[in-house]
2 protein chains.
Amino acid sequence: MKIGELAKRSGLSAHTLRYYERIGLLPQADRDAAGRRDYDASVLAWIAFLGRLKATGMPIRDRLRYAALREQGAGTEPQRRALLERHRDRVRAQVAEQQACLLVLDTKIGAYAEAEQRMKDNDAQPNPN
Amino acid sequence: MKIGELAKRSGLSAHTLRYYERIGLLPQADRDAAGRRDYDASVLAWIAFLGRLKATGMPIRDRLRYAALREQGAGTEPQRRALLERHRDRVRAQVAEQQACLLVLDTKIGAYAEAEQRMKDNDAQPNPN
DNA sequence: GCTTGACTTGGAGTGCGCTCGAACCCGTAG
DNA sequence: CTACGGGTTCGAGCGCACTCCAAGTCAAGC
């Protein structure tokens with residue numbers, strides 16, 4: 001698979017894919033005879049997982065560290081697991097925080113809605129008596 | 001309340017508070033005779049709310065817009081409400097996505113844990129006949 | 001009167017995460 | 001043979017959100 005094809009399938013731009021490789025999030029891609037990147041389909045799963053780590057706010061340092069451990073391969077599983085476990089805890093806390101924020105948001109929106117309703121009521125009865 | 005005091009109470013640095021004022025997230029603070037910022041306690045609630053908007057990932061443009069509407073005061077409630085409602089929808093989607101990611105994370109961690117367990121079992125019975 | 005410490009401004013610097021442009025190379029279809 | 005639609009590298013630029021530094025002002029305590 002060429003980089004354009006991978007871009008389409010992964011939802012990232014070719015620029016971003018090269019950038020990810022440069023900084024070490026993606027492994028060095030194999031090249032065809034002409035020196036062009038030629039990807040194995042398996043990289044899609046890795047990109048998707050990276051996307052999840054990013055969507056949950058894992059800082060780039062940790063993503064780089066996880067990617068490096070993955071590159072190293074066998075023997076790094078305990079570190080990878082520890083990394084993911086710490087991240088999971090942070091994500092859980094984050095989700096809880098966001099849910100608390102949602103309540104606040106609901107309250108605020110409710111207050112605006114109420115105020116608006118009162119305005120309408122006033123318009124409906126311009127002369128109360 | 002002086003900026004140092006506000007920094008302590010709000011959890012933001014004095015640098016950040018001045019920065020927020022500069023870009024328009026915080027209203028221009030009143031000044032004392034010597035030209036120093038002298039805050040009203042009410043700004044704490046606003047800072048806390050801004051923090052929630054930020055924690056839920058509202059982009060700075062929208063936070064600036066909301067702050068500007070708030071500055072303008074009366075008459076801008078419908079726009080503020082619309083802004084918050086759009087944001088609430090995005091946050092809900094975000095929370096759902098993060099929860100889905102948590103499941104993936106759990107699965108992955110579980111797989112690492114299992115692999116580790118198998119390793120230990122092997123160590124415990126080095127000669128399984 | 002002098003030191004200390006909190007404040008002031010303006011502007012530079014930082015880290016993240018892309019995003020884009022320039023200039024070039026290469027294989028294939030017409 | 002040439003035009004095109006890919007690909008390549010390198011490096012600059014950008015938007016966010018601070019963060020910090022330098023150089024100065026000012027009020028209060030010793």
Side-chain angles (χ1 to χ4, degrees), chain A residues 1-40 43 46-68 87 90-91 94 97 101, chain B residues 1-40 43 46-68 87 90-91 94 97 101:
Chain A
M1 192 184 347
K2 288 295 184 299
I3 199 170
E5 175 74 7
L6 181 61
K8 245 179 258 167
R9 290 208 204 171
S10 67
L12 300 176
S13 73
H15 279 305
T16 300
L17 289 170
R18 282 188 215 105
Y19 164 71
Y20 276 10
E21 181 177 322
R22 199 162 69 229
I23 66 173
L25 279 182
L26 293 183
Q28 299 280 333
D30 294 340
R31 302 302 180 111
D32 69 8
R36 294 187 198 143
R37 289 175 183 79
D38 200 355
Y39 292 94
D40 185 300
V43 79
W46 171 232
I47 291 174
F49 186 61
L50 274 176
R52 283 184 225 289
L53 294 182
K54 185 180 176 220
T56 48
M58 182 187 277
I60 198 166
R61 278 190 212 88
D62 292 352
R63 272 178 283 157
L64 284 174
R65 180 156 161 64
Y66 189 86
H87 182 55
R90 280 196 302 260
V91 176
Q94 235 171 251
E97 189 192 358
C101 290
Chain B
M1 192 185 346
K2 290 293 185 300
I3 200 170
E5 175 74 9
L6 181 61
K8 245 179 259 166
R9 289 207 204 172
S10 66
L12 300 176
S13 72
H15 282 306
T16 300
L17 289 170
R18 281 190 284 260
Y19 164 72
Y20 276 10
E21 181 177 322
R22 200 161 69 230
I23 65 172
L25 279 183
L26 293 183
Q28 299 281 332
D30 293 342
R31 302 303 181 110
D32 68 7
R36 295 187 199 143
R37 290 174 182 80
D38 199 355
Y39 293 93
D40 185 301
V43 79
W46 172 231
I47 291 174
F49 187 61
L50 274 177
R52 283 185 223 288
L53 293 182
K54 183 176 179 227
T56 48
M58 183 188 275
I60 197 166
R61 277 190 213 88
D62 292 353
R63 273 179 284 158
L64 284 174
R65 182 158 160 61
Y66 189 86
H87 182 55
R90 279 195 304 260
V91 177
Q94 236 170 250
E97 189 192 359
C101 290

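Residue numbers begin at 1 in each chain, while the letters A, B, ... track the order of the sequences. These figures come from a predicted structure and were not determined experimentally.
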Nearest-nucleotide check on DNA chain C, B/Arg36 vs A/Ala33; residue mapping nearer the 5' end is B/Arg36
Please check the phosphate of D/dT8 (OP1 and OP2 only) for any side-chain N or O of A/Arg37 closer than 4.0 Å.
-> yes
Side-chain N or O of B/Lys54 closer than 4.0 Å to phosphate OP1/OP2 of D/dC18 | yes
Expressed in angstrom and rounded to an integer, what is the separation of A/His15 atom NE2 from D/dG7 atom P?
-> 11 Å
Taking CG from B/Leu12 and P from D/dT19, how many angstroms apart are they, rounded to a whole number?
-> 9 Å
Between B/Arg37 and B/Asp32, is there a salt bridge with N-O shorter than 4.0 Å?
-> no
Using atom NZ of B/Lys8 as one end and atom P of C/dG5 as the other, report the distance to the nearest whole Å.
-> 14 Å
Choosing from C/dC18, D/dA27, C/dC16, which nucleotide comes nearest the side chain of A/Tyr19?
-> C/dC18
Nearest to the side chain of A/Ile3, which nucleotide is it out of D/dA27, C/dC18, D/dT8?
-> D/dT8
Listed nucleotide nearest any side-chain atom of A/Arg63, set C/dT9, D/dT9, C/dC18 = C/dC18
Residue A/Arg65 excluded, over 12 heavy atoms near CZ under 6.0 Å | no
Of the listed C/dC26, C/dG17, D/dT19, the closest approach to the A/Ala34 side chain comes from C/dC26
Round to a whole Å and report the spacing from CE of A/Met58 to P of C/dG17.
-> 11 Å
Go through D/dG15, D/dC18, C/dT19 for me and flag the one nearest to the B/Arg61 side chain.
-> D/dG15
Just how far, in rounded Å, is P of C/dT8 from CG of B/Asp38?
-> 10 Å
Given C/dG10, is OP1 or OP2 found less than 4.0 Å from the side-chain N or O atoms of B/Arg18?
-> no
Could you give the CZ-to-P distance, from A/Arg22 to C/dT19, as a whole number of Å?
-> 13 Å
With rounding to the nearest 0.5 Å, note down the distance linking CD1 in B/Ile3 to CG in B/Asp38.
-> 11.0 Å
In terms of the angle between their ring planes, are A/Tyr66 and A/Phe49 parallel, tilted or perpendicular, with boundaries placed at 30° and 60°?
-> tilted
Look at the side chain of B/Tyr20 and decide which nucleotide, out of D/dC26, D/dC18, D/dT8, has an atom nearest to it.
-> D/dC18
Report yes or no: does A/Thr56 contribute a side-chain atom to a donor-acceptor pair with the main-chain N or O of A/Arg52 at less than 3.5 Å?
-> yes
Roughly how many Å is it from CD1 in A/Ile23 to C1' in D/dT9, rounded to a whole number?
-> 17 Å
Length of the line joining B/Leu50:CG and D/dA17:P, which is rounded to integer Å = 11 Å
